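The basis for the numbers below is simple: all heavy atoms, side chains too, and nothing from hydrogens, waters or symmetry mates. Since the structure is predicted, the reported quantities are computational estimates derived from the model, not experimental observations. Counting starts at 1 for both ligands and their atoms, following the listed order.
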Amino acid sequence: MYHRPVLSLSHTVGVMKLQGSVALVTGANRGLGRHFTRQLLDRGAARVYATARDPRRVDVPGAEVLALDITDPASVAAAAAAAPDVSLLINNAGVSTGQDLVTGDLARIRLELDTNLFGTLHMVRAFAPVLAAQGGGAILNVLSRMSWLSYPGANSYAVAKAAEWSLTNSVRLELAGQGTQVTGLAMSATDTDMMAGWEIEKNDPAEVVRAALDGLAAGHLEVLADRDTVLAKAALAADPALVYAGLLG
Ligand SMILES: NC(=O)c1ccc[n+]([C@@H]2O[C@H](COP(=O)([O-])OP(=O)(O)OC[C@H]3O[C@@H](n4cnc5c(N)ncnc54)[C@H](OP(=O)(O)O)[C@@H]3O)[C@@H](O)[C@H]2O)c1
C-alpha cells in the first residue's frame, strides 16, 4: 500500500531543510498531526509549535504548545504573533463529517469548508509574512485522495479537499516570489480517529508522515502517499463515465 513520493515537479524556490527548522503543526494533539510533531523533532527541528484547539491535549515531549483554532481569525492572528520564527507551516488540521451534498446537513458541509478550505487559507495568509521573514520557508497542506474523487456519503469532504488542493496550487504561485515552497500531501484511508469504524485497509500514519517529510525535504511539490491516491490523480484525465462506472447506476 505504502509508496515513496511519486511526483516531483521542477520549481524555482529553495528546498526546505528540516534540520534546524522552526515548524508549526495544526491539529497536533492526535492523528497525523501528532506524528508530524514527533517526527519533525526527531529530524532535528529546532522548535516545533504543536498547536491544538485544546492545548492541554498535546502530549509530545519537547514540543512548544500553543492554542489554535484555525477557523477563528483572532486565534490564528494570536498564533502568528506568538510564533514569529516559523519557517515551516504544516496545515494538517481537518474535519470530515460525511455529508452528501443534495440531502446532507448544510451546517456540516459549511464546517468542512470553513475548516479544510478557509481555515487553511487563514493560516496561509497569517503566516506568509512570517515565512517571508525567514527567507521563504515552506508550507505543507494535508490534502486527500478525495481531492480527486467523489464518493457518496463523503461528498462534502470531497468538495472541501478539492478546494484545498486548488488553494494549494494557487498559493504556490502567489508565494513563489518570496521563495516559499508549497507542497501538497495526498493519501487515501489512513489509520487515525478520522477513519475509526471503517474496516478497510488503511495506511500507517507514521509512514505517511515519513513520506511527506521526505518529499518536503526533497523539494517535491506533491507527495502521493499510496497507490490508490496515484490512481485517483491519474484518473482525472479519464472519462467520468469510466471512473464512476460502478456508482452511476
Ligand atoms: N485519516 C485519513 O484517512 C485521511 C485521509 C486523507 C486526508 N486526511 C487529512 O489528514 C489531516 C489530519 O487528519 P487525521 O486523519 O489526523 O484526523 P483526526 O485524527 O480526526 O485529527 C484531526 C485533527 O484536526 C484538528 N482540528 C479539527 N478542526 C480544527 C480546527 N478548527 N482548528 C484546529 N484544529 C482542528 C483536530 O482537533 P480536535 O482534537 O480539537 O478535534 C485534530 O487534531 C486532515 O486534514 C484530514 O482531512 C486524513
For V95, atoms of ligand 1 separated by under 4.0 Å from a heavy atom: 27 (C), 28 (N)
Geometric N/O contact K161 with ligand 1, under 3.5 angstrom: yes
Distance-only N or O hit between ligand 1 and M187, under 3.5 Å: no
Cluster check V159, Y151: I/L/V/M/F/W/Y, side chain < 4.5 angstrom: no
CA sep, side-chain torsions, deciding dist, call: S21, R43, side chain to side chain contact (heavy atoms under 4.5 Å, CB included): CA-CA 10 Å; S21 65; R43 289 182 188 229; over 6 Å; no
Transitive ILVMFWY side-chain link V208 to V60, under 4.5 Å: yes
I70 N/O under 3.5 Å from ligand 1 N/O: yes
Residue portion contacting ligand 1 (non-hydrogen atoms closer than 4.0 Å) for S96: neither
Please list every donor-acceptor pair under 3.5 Å in which a side-chain atom of residues 45-55 meets a protein atom from a residue at least two apart or in another chain.
unit_1: R47; atom_1: NE; unit_2: E64; atom_2: OE1; d: 3.4
unit_1: R47; atom_1: NH1; unit_2: D85; atom_2: OD2; d: 2.4
unit_1: Y49; atom_1: OH; unit_2: D85; atom_2: OD1; d: 2.7
unit_1: Y49; atom_1: OH; unit_2: D85; atom_2: OD2; d: 3.4
unit_1: T51; atom_1: OG1; unit_2: V25; atom_2: O; d: 2.7
unit_1: D54; atom_1: OD1; unit_2: R56; atom_2: N; d: 3.0
unit_1: D54; atom_1: OD1; unit_2: R56; atom_2: NE; d: 3.0
unit_1: D54; atom_1: OD2; unit_2: R56; atom_2: NH2; d: 3.1

Protein contact to atom 44 (C) of ligand 1 [nearest heavy atom, distance to 0.1 Å]: N92 O, 3.1 Å
Linked, directly or transitively: M146 and L113 (ILVMFWY side chains, under 4.5 Å): no
Atoms of ligand 1 close to L68 [distance to a heavy atom under 4.0 angstrom, numbered from 1]: 32 (N), 33 (C)
N/O separation below 3.5 Å, G27 to ligand 1: yes
Nearest neighbour in protein (non-hydrogen) for atom 26 (N) of ligand 1: A93 CB, 3.8 Å
Contact check: R30 vs ligand 1, nitrogen or oxygen atoms, below 3.5 angstrom: yes
N29 neighbourhood, listing ligand 1 atoms whose heavy-atom distance to it stays under 4.0 Å: 37 (O), 38 (P), 39 (O), 42 (C), 43 (O)
Identity and distance of the protein heavy atom lying nearest atom 14 (P) of ligand 1: T192 OG1, 3.5 Å
Test item, S188 contacting ligand 1 (heavy atom, 4.0 angstrom): yes
D54 and ligand 1 - part of the residue with a heavy-atom distance under 4.0 Å: neither
Structural part of M195 in contact with ligand 1, heavy atom criterion under 4.0 angstrom: side chain
Between OH on residue Y157 and OG on residue S150, distance to nearest 0.5 Å: 13.0 Å
Distance-only donor-acceptor check, side chains T168 and N141, under 3.5 Å: yes
Option of least heavy-atom distance to atom 46 (C) of ligand 1 (set: F36, W198, Y157): Y157
Close approach of L143 to ligand 1, heavy atoms, under 4.0 angstrom: yes
Between D226 and T229, a side-chain donor and acceptor under 3.5 Å: yes
Distance in Å, M187 CE paired with L143 CG, rounded so as to fall on 0.5 Å steps: 8.0 Å
Under 4.0 Å to a heavy atom of R57 - the qualifying atoms of ligand 1, by number: 39 (O), 40 (O)
Per-atom contacts, ligand 1 versus V142 - under 4.0 Å to a heavy atom: 9 (C), 10 (O), 11 (C), 45 (O)
Ligand-side contact atoms (ligand 1) for residue partner G94, heavy atom cut-off under 4.0 Å: 22 (C), 24 (O), 27 (C), 44 (C), 45 (O)
A189 neighbourhood, listing ligand 1 atoms whose heavy-atom distance to it stays under 4.0 Å: 3 (O)
Atoms of ligand 1, numbered as shown, that sit under 4.0 Å from any heavy atom of D193: 19 (O)
Under 3.5 Å: N/O of T115 near N/O of ligand 1: no
NE2 on H35 to CD1 on I90, rounded to 0.5 Å: 14.0 Å
